[in-house]
2 protein chains.
Amino acid sequence: MATAPGDKPWRPVQGARASGEIVEQIRKAFFGGMMPGDRLGTESDLAEQFGVSRITIRDAIRSLEAQGIVTVRVGAGGGLRIAESDPDRYADALSIQLHLMGITWEELTEAMRSVEPSTAGLAARHASGEQVARLRGLVDDAHAALDDAARFTDLALDFHLAVAEAAGNRAIRAFLRSLRSAQHMKFEENTSREVAERVARMHGEILDAIADGDADLATSRMNEHLALVVSHPGKSDEHLCVPLTQ
Amino acid sequence: MATAPGDKPWRPVQGARASGEIVEQIRKAFFGGMMPGDRLGTESDLAEQFGVSRITIRDAIRSLEAQGIVTVRVGAGGGLRIAESDPDRYADALSIQLHLMGITWEELTEAMRSVEPSTAGLAARHASGEQVARLRGLVDDAHAALDDAARFTDLALDFHLAVAEAAGNRAIRAFLRSLRSAQHMKFEENTSREVAERVARMHGEILDAIADGDADLATSRMNEHLALVVSHPGKSDEHLCVPLTQ
DNA sequence: AATGTCTAATCATCATACATTAAGGGTGAG
DNA sequence: CTCACCCTTAATGTATGATGATTAGACATT
C-alpha cells in the first residue's frame, strides 16, 4: 500500500509480547487459506509447538477468539477450531469504533443516504418471495404499532435491515447492521404518531417497488424516504452508540 | 429487535465463562459512557473487585483488548485504559468476516457501486484544499506508474480511499477501507496498460468534479467509472480476502 | 432404540513465583 | 540550575503445577 497522509514512518514497537507474535502467526495461517472448522490443536499442543507456557497461549487464544477467528471447545475432542462466520461480530466491532470516535448525526445519516437507496435497488432485483413476505410482515406489524414508539422504531429499523438482507449482499448488510445501534436511540426520540404514519406508508411504497422488481423506483422511493427521515436533526456532537443487543 | 425468521426459540447456552461475564460487564460500562483514556485500574484491582484470580482477569482483558475497547500498559502507572479509536481495527474485523464467509466478486463490486458514487458526491461538497491536493498527487503518481501493475493498483485503490476520506464521513471511510483487502488482488490481475490509462484518465475527471465542488458530476463520473471497472469479472466463488498490511 | 454411566481428553480457574518494562524521583557532574 | 544517569517501585508478561468442570465417545442397561 502506498503511504497515506498522516501515516507515521514507522509504528511503535509496542508489542514484543510473545502472545502477540503467536496471534500474528496464526492470523497469517488463517488468511493463508484456513477455512471454518479446521482444527488447530489443543492448548497444550500449541504451547509445545510455540515453545511457551499455557498462559501465553491462552492470551493468544483469547485474542484470536475475540477477533472471531477461532472458537474454543472444552472436553474430549475439543480445542481450537477456525470459527464460523458471524456477521454480527463485525457489526459489533463497528459500533465499538463508532462509540470511540463519537460518530455524529450528520455522518450517520449521510452514510444511510449513501448506501440504502442503491441497496433498495439491489433488493428489487434479488429479493426472494420469502424475503418480500418478511418485508410485508414488518410493514404490517409497524402499522399495528403506530402508537408504541419503541416498538415502532424497532420494526422500522428491522425493515431497513430486511431490505439490506433482501439485497443479497452480505458486505452491505453487515455495514447497515453495524449502524443500527447508533440509529436506534436517535430515531426513537423523534417518533410521533404523525411521523410514524408517514414512515409506515413510505415503507409500504418501497416494499411495493421491491416486490414489483422495479429497481429504479425502489431506489428513488428509498431516497425520498431518507430525505424526510433525516430532516429531524439530532444533536450532532453527541455520542450515539449503544451496545448491540446480543 | 423483533424476532427474525429462522430464529430458534432459544439459543444454546454457551460459555458461562467467568471471564466472559467480566467482558460483558466492562463492555456495558464502556457503552454506558466511558471515553478514551479513562482508567479502569490494574489487573490486581480488577481481580479483587470481581473476586476472581488474575488469570481470569487476564482472559477478559485480552478479549477486550482484541475488541479494541481497552489498551494495556506495563510499568508504573500502567494498567487498563479505554482505547483510542482505531478505524483500521474495524476494517480488519470486516476482512476477517469477509474471509470466513467467502465474499464473492459480485458482492464486492455491488457494494462498491452502491457506496462510492454518493461518496464522491460528498467529497465534492466537503473536500478541503489539502485533500484535493492529495487526490491530485495520487492521480499524478498513477499516471507515472502505468506500466507497474502492482504499484498502479495500489495508487488507484488509494485514490478511491482518499475520495472516501475527502467525503469527511468516518463510517463510510471505515467501510470502504475494509473492502480494500478484498479489492487488491482481484484488480491487480486485470490491470493492463490500456486499462490503466483509462482508469487514470477517469480518476482525473472525477477529481476535477470534486475540485469544482460539483457533487452531481462527481457522483455520475464515479458511477461510470465503476461500471467500467467491474466489467472485468473475477471468479465469483473464490475467496478474495487477504490480511491487511499493518 | 433410547437412556444411563463410565472414562479420558481438554479447557477454566486458581495460587505462587519470577522476569521484564516503564515512570518518577534522587543524585552527582558540568 | 540543568542534564544525564541510576535506582526504586509499580505494573504487566511469563512460567509452573494443581484442581475442578465439561464434553465426546464407548459401553452397559432398560
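Throughout, a chain's letter reflects where its sequence line sits, starting with A, and its residues are numbered from 1. If you're wondering where the values come from, they're calculated on a predicted model, not measured in any experiment.
Spacing between atom CG of B:L80 and atom P of D:dA10 amounts to 19 Å, rounded to whole angstrom units. One can place CZ of B:R81 at 10 Å from P of D:dT12, the figure rounded to the nearest angstrom. Rounded to whole Å, atom C1' of C:dT16 lies 11 Å from atom CD1 of A:I55. A straight line from CG of A:L40 to C1' of C:dC11 spans 15 Å, rounded to a whole angstrom. In this structure, A:R54 atom CZ and D:dT16 atom P are separated by 10 Å, rounded to whole Å. If you take CD1 of B:I57 and C1' of D:dA11, they are 15 Å apart, rounded to a whole angstrom. The distance from atom CG of B:D45 to atom C1' of D:dA10 is 11 Å, rounded to the nearest whole Å. Atom pair A:D59:CG and D:dG13:C1' shows a separation of 8 Å (rounding to whole Å applied).
Along DNA chain D, the nucleotide nearest B:E43 and the nucleotide nearest A:A76 are compared for position; the residue whose nucleotide lies closer to the 5' end is B:E43. Nearer the 5' end of DNA chain C, as judged by each residue's closest nucleotide, is the contact made by A:S44, out of B:V52 and A:S44. Taking for each of A:A18 and A:G77 the nucleotide of DNA chain D with the nearest heavy atom, the 5'-most of the two is the partner of A:A18.
Under the 30°/60° scheme for interplanar angles, the aromatic rings of B:F31 and A:H99 are found to stand perpendicular.
Distances shorter than 4.0 Å separate some side-chain N or O of A:T56 from OP1 or OP2 on D:dA15. Contact check, B:S19 against C:dT13: a side-chain N or O comes under 4.0 Å of OP1 or OP2. Here A:R58 reaches the OP1 or OP2 of C:dA12: one of its side-chain N or O atoms lies under 4.0 Å away. A close approach under 4.0 Å does occur between a side-chain nitrogen or oxygen of A:R62 and OP1 or OP2 of C:dA12. Taking 4.0 angstrom as the limit, A:R73 places a side-chain polar atom (N or O) nearer than this to OP1 or OP2 of D:dA24.
Using a cut-off of 4.0 Å between Lys/Arg side-chain N and Asp/Glu carboxylate O, B:R27 and A:D92 are scored as salt-bridged. Ionic pairing of A:R113 and A:E110 is not present here: no N-O contact between side-chain nitrogen and carboxylate oxygen is shorter than 4.0 angstrom. Salt bridge status for B:R17 with A:E65: present, with a side-chain N to carboxylate O gap under 4.0 Å.
No hydrogens or angles considered: nothing links the side chains of A:T119 and A:E116 as a donor-acceptor pair under 3.5 Å.
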